[in-house]
Amino acid sequence: MVTTGRCRFCGRDESPGQHRAPGPKGPICADCAETGLAVVRDGEARSSAGGTTLLRLSPDAEAACDHCGRWERLTFLGFRRPLVRMRCEELESVICAACLDTAGDVINKASRGQGS
Ligand SMILES: [Zn+2]
Ligand SMILES: [Zn+2]
């Protein structure tokens with residue numbers, strides 16, 4: 001089954017002119033990156049453009065980010081801090097706030113580069 005064309009978070013197929021950021025397990029689309037940033041910011045669950053449910057993981061969940069493979073980071077004092085992560089219920093995909101930021105940047109640059 002080829003799933004690389006589908007967004008990991010809303011399950012929609014790639015459409016012409018829509019920018020996406022690639023990931024090790026599949027891309028994330030601009031809509032999901034934007035919605036995801038809002039989800040990790042305020043913790044409110046939201047529906048994606050593809051009808052899936054995007055929600056913020058509780059800090060003690062040990063689900064690794066699909067993009068960077070981490071679910072916690074070490075602070076300079078050696079404490080372990082869980083990463084803020086978003087999860088898609090239906091597709092069981094996870095992305096951390098830092099990777100959402102990166103994905104947003106990639107998509108922004110791609111859309112500027114292609115402008116008119
Ligand atoms: Zn998407
Ligand atoms: Zn990550």
Side-chain angles (χ1 to χ4, degrees):
M1 189 168 76
V2 179
T3 54
T4 49
R6 289 172 183 264
C7 169
R8 285 278 295 157
F9 292 86
C10 64
R12 290 181 304 164
D13 283 314
E14 185 159 19
S15 55
Q18 185 193 49
H19 296 290
R20 296 163 165 239
K25 294 185 179 177
I28 180 168
C29 72
D31 292 331
C32 289
E34 193 182 330
T35 306
L37 284 167
V39 168
V40 296
R41 194 169 53 233
D42 65 16
E44 296 268 337
R46 285 168 169 81
S47 288
S48 75
T52 58
T53 307
L54 304 176
L55 41 84
R56 189 165 72 177
L57 273 176
S58 64
D60 57 353
E62 294 188 16
C65 169
D66 289 350
H67 287 242
C68 64
R70 297 181 307 163
W71 59 272
E72 63 180 8
R73 65 180 169 84
L74 279 177
T75 68
F76 65 97
L77 290 175
F79 293 112
R80 288 175 188 279
R81 279 273 178 78
L83 296 172
V84 179
R85 285 150 294 160
M86 171 182 83
R87 173 183 155 92
C88 170
E89 280 261 280
E90 290 83 354
L91 302 173
E92 297 184 347
S93 40
V94 177
I95 189 168
C96 74
C99 290
L100 271 172
D101 264 339
T102 308
D105 283 351
V106 168
I107 292 165
N108 280 340
K109 283 198 184 106
S111 45
R112 271 203 303 272
Q114 235 187 40
S116 62

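Numbering of ligands and ligand atoms starts at 1, following listing order. Model, not experiment: these values are computed from the prediction. Positions are given from 1, in the same order as the sequence printed here.
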Checklist entry - Which atoms form the tightest heavy-atom contact between Leu55 and Ala45, and what is the distance? => result CB-CB, 3.9 Å
Next on the checklist: Checking Val94 against Met86 for the side chain to side chain contact (heavy atoms under 4.5 Å, CB included) test, could you report, in this order, the C-alpha distance in whole Å, the side-chain angles of both residues, the deciding distance, and whether it holds?
Outcome noted: CA-CA 6 Å; Val94 177; Met86 171 182 83; over 6 Å; no
Next on the checklist: Do Phe79 and Leu74 make a side-chain contact, defined as non-hydrogen atoms from C-beta onward lying under 4.5 Å apart?
Outcome noted: no
Item to check | Lys/Arg-Asp/Glu bridge criterion (N-O < 4.0 Å) met for Asp31, Arg12 | outcome: yes
Checklist outcome for this item: Output field for angle at the Zn ion (ligand 2), Cys68.SG vs Cys65.SG, rounded to 10°, should show 110°
Item to check | Angle subtended at the Zn ion (ligand 2) by Cys99 SG and Cys96 SG, rounded to 10 degrees | outcome: 100°
Item to check | Angle subtended at the Zn ion (ligand 1) by SG of Cys29 and SG of Cys32, nearest 10° | outcome: 110°
